Structure formats: structure tokens, C-alpha cells
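Notes for the one structure printed next.
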Amino acid sequence: MSNAIIISLCLLLLISYMFDVSSPKTKIPSVILLLIVGWAVRQAADFFGISIPNLSPILPIIGTVGLILIVFEGALDLELNRSKKKLIISSISMSLIPMLVLSIGIGLAFDAIFGVEFRRGLLNAVPFAVISSAIAISSAKNLLPKDREFVIYESTFSDIFAVVLFNFIIRNEVIDGNSFVVFGWQLILILVITVIATLGLSLLMSKIRHRVKFVPIILLIILIYAIAKEYHLPALIFIFILGLFIGNLDKFKRFRFVDKLQPEIMVKEVVKLNDITTEITFSIRSLFFILFGYLINTHELLNAKTFIIATGILVGIIVLRIIGLKIARQNLNPLLYVAPRGLITILLFITIPETEHIAMVNNSLVIQVIVLTALFMMVGLMISKRQTK
């Protein structure tokens, strides 16, 4: 049995690697292929009568670790300098404003259609308003540098803002002035923790001489995130700032503490850390989407009732994206198409308490929105490539 599990995992990850390599050429998002692989494994297991234990509890664990690593990897790749100021401002506005508008719009629609209170509708709406950096960043590899940077900034900020907003709603049954005061204190506390942890981890990274160096750093990052989450703090802010600081150490040389870290040597170490993080992230992300595909029931994907809602959400995403990109003065082609939903959507959805769920906001709707946005991105990037040529 153990050999069968090892063989299966190796084959699935190798298939995922083939999808990742071929995706820039085929323009087929690897997430769709991974979902299909997971679904096919489920069908094969049922056909041959292979008994597989319930894997549902593993999904949020893999998803949380994947989210941490994806945000950290994206932050490591970002470059801080004055020339990026407009790009950062426009990406922040594009990640925040359309997400808020779409969340409120979908929340009001759920309120009107299903007769639920607005807070509950808003909680169920947020997962559909967030761009998945797990899919967007990997799909932007072949874009022009400026567009690729915008996608990295926008999708990373989108993940952070969505998680913060989602946790804010879920922790406050009544949203009033006191809710914002508590949130303000939580924000200040996580910023203090971020500064201390960032400096401490950076110093540790510069001092470790053992051959096993980067895995302990990554484990400490995940540990700090998990502890912060236990106290309901917006822990993704810590992950993002840490990655941004470590990835841009050479920009902070004027500070005495940073100079003690030997930034010239640390830059090379950060490259190695980035490489290891990328490879671990690839494995975790692949396993997450394959597992989610495995948990898909065919009737959920073909649910005609939720397909109407999923199409409406897609239209809302497209309209808001056109308006937002025009205001931010960014290229409609190809940035219009790169707004997929994926890992973060699933992760937020499965985090919604059972008592807060809306009946029609179910697995079918989540799967259909993910597939529709991925197909829209795939077709759009194909058209964009032809127009560019």
C-alpha cells in the first residue's frame, strides 16, 4: 500500500510539472488540468473499487500552507524602488476597490435573491471577489515585464486584502465602531510582530552556517503565521512584509542593522531561499488542486442552477475590471483576462462556518466560477498573443 501511495504521488506531481512546463505554450491554465486529473483519479478509484479514506480535512491544511508560500514567493519577487511607485499605487487600488465593490454587489444580490442578512451575504461573496495569486502569477510568466509585475502586485495584495476583510466580517457578528477599534489594535499588533519577526528571521538567516538552513526559516515563518492566526491577527501582512524586506535587502543598506546582515552575501542566500520556496510552493499548489479535483462530484460541475449565478459573477468581474484598468491607466490587453479565482477562493469558502453558509453558494458555484474565470483567462491570453504578433 505504501508503494502504491508513493508511486501515485510521484506520478501526479510529475504530471503537474508537465502541465506547468507546457502551460505557457498551450495557454491552458494548469489549474484546469490539475482539477481534471484529480477528478479522473476519483473516477478511476470508484471504477476499480479502490477504497480511499476521506481526504476533505487535509484540504484546508494544504491550502493554508500553500497560501503562505505563494504570498511569500510573490513578495520575494517584487522589487522596491521609486520608479515602481505608480505601479504599486495602481495595483493596490485595482486589488482593493474592485474587490470591495464586487463583494458588496454580490452580497446585496444574495440578500435580494435568497433573503439573507447583508453581513451573511457579504461573507459568502468575498471568496468570489479575490484574485488567485496561485494561478495569476504562474499564468503571467510570458507577459511583458511591466504587465507581469502588475499581476504579481495586484494578485498578492488581493489575497491579503480579501483575507483581512473576510476575517474582519467573520469575527464581528455586529459591525460597528468598536469592531474597527479592535481591528485597528490588531493591525498595530501585527505590524509590531512583523518588525520584530522580520529583523529576527533576517538575522538568523545571516548567522546560520549549518547546511540545512532554509527549511527551518520556512517552518518558522509558517509557525509565526499560525500563532498569529490563533489570535485572529491579519497574519498575511507579516508574510508579505517579510518577503518584501528580505527580497530587497540591498535597498536598505543605509540602515545600520541591515549593514550588519552583510547584504552582499545575503542577496545570494535570498536567491537560494526563493528557489527552494518556489519548488515547495509548486508541490503544495499542485497537491491542493489535484485533491480539490478529487473531491469534485460530477453533478456539482454540471449544476444548471448555480451556473446562472456563476455567469453573473463572471460578468461582474469583467465589467469592474474594465472600469478599474481604465481608471488605473493600465493595459486592457492582456490584464483584463488575468483575474482568475482559485486556491484562495476555495480556502475562504471552506472556512465559512456551517451556520453562515447560503444553500446556493456551494461547491458547484465555487467550481464553476473557478473554471469560467480560468477559461476566460485562457481564451483571452490566446487572443492577446495573436494580436501582439
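What you see is a predicted model; the values in this text were computed from it and never measured.
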What one should report as the nearest heavy-atom pair of Ala136 and Val151 is O-CG1, 3.6 Å
Taking the six-membered ring for Trp, is the centroid-to-centroid distance between Phe183 and His232 below 6.0 Å? no
Side chains of Met382 and Tyr337: closer than 4.5 Å at any heavy-atom pair? no
Any side-chain heavy-atom pair of Val163 and Leu67 under 4.5 Å: yes
Leu287/Leu9 under side chain to side chain contact (heavy atoms under 4.5 Å, CB included): CA gap, chis, key distance, verdict: CA-CA 9 Å; Leu287 288 174; Leu9 286 175; 3.9 Å; yes
Would you find more than 12 non-hydrogen atoms of other residues, nucleotides or ligands less than 6.0 Å from Phe114 atom CZ? yes
Taking it one step at a time, do Phe238 and Ile193 satisfy side chain to side chain contact (heavy atoms under 4.5 Å, CB included)? CA-CA 8 Å; Phe238 154 66; Ile193 292 171; 5.5 Å; no
Sequence neighbours left out, what pairs pass salt bridge (Lys or Arg N to Asp or Glu O under 4.0 Å) with at least one residue falling in residues 42-57? Arg42-Asp46
If I take atom CD1 from residue Ile221 and atom CG from residue Leu242, how far apart are they, to the nearest 0.5 angstrom? 5.0 Å
Please say whether more than 12 non-hydrogen atoms of neighbouring residues, nucleotides or ligands are located less than 6.0 Å from CD1 in Ile308. no
pair Val65-Phe288: side-chain heavy atoms closer than 4.5 Å: no
Phe19 versus Val37: any side-chain heavy-atom pair under 4.5 Å? yes
Determine, using ring centers only, whether Phe240 and Phe157 are less than 6.0 Å apart. yes
Provide the closest heavy-atom pair for Ala134 versus Arg285 in the form atom of the first, atom of the second, distance. O-CD, 3.6 Å
Are any non-hydrogen side-chain atoms of Ser155 and Ile137 less than 4.5 angstrom apart? yes
Suppose we screen for salt bridge (Lys or Arg N to Asp or Glu O under 4.0 Å). Which residues come up paired with Lys86, at least two apart in sequence or across chains? none
Does some side-chain heavy atom of Val366 sit less than 4.5 Å from a side-chain heavy atom of Pro127? no
Considering all heavy atoms, the nearest Tyr225-Ala235 contact: CD1-CB, 3.3 Å
Show the nearest heavy-atom pair for residues Ala228 and Ile190, with the distance to one decimal. CB-CD1, 4.1 Å
Distance-only check: which donor-acceptor pairs under 3.5 Å involve side-chain atoms of residues 92-103, not counting sequence neighbours?
| unit_1 | atom_1 | unit_2 | atom_2 | d |
| --- | --- | --- | --- | --- |
| Ser93 | OG | Ile89 | O | 3.3 |
| Ser93 | OG | Ser90 | O | 2.7 |
| Ser95 | OG | Ser91 | O | 3.1 |
| Ser95 | OG | Ile92 | O | 2.9 |
| Ser103 | OG | Met99 | O | 2.7 |

Hey, are the side chains of Thr277 and Ile218 touching, using non-hydrogen atoms and a 4.5 Å cut-off? yes
Shortest non-hydrogen pair, Leu381 vs Pro334, comes out as CD2-CB, 3.9 Å
So, do Phe168 and Phe180 have ring centers that fall under 6.0 Å from each other? yes
Does one side chain, of Thr278 or Glu73, offer a donor that lies under 3.5 Å from an acceptor on the other? yes
If we count only N and O atoms by modelled type, under 3.5 Å, do the side chains of Asp147 and Asn331 hold a donor and an acceptor together? yes
Please test Ile346 against Ile370 for side chain to side chain contact (heavy atoms under 4.5 Å, CB included), starting from the C-alpha separation and ending with a verdict. CA-CA 9 Å; Ile346 299 167; Ile370 290 171; 3.5 Å; yes
Are side-chain heavy atoms of Ile52 and Leu55 found at a separation under 4.5 Å? yes
Any salt bridge linking Lys213 with Glu269? Criterion: basic side-chain nitrogen under 4.0 Å from a carboxylate oxygen. yes
Below 4.0 angstrom, N of the basic side chain to O of the carboxylate: do Arg321 and Glu154 qualify? yes
Nearest heavy-atom approach of Leu76 to Gly243 is CD2-O, 3.5 Å
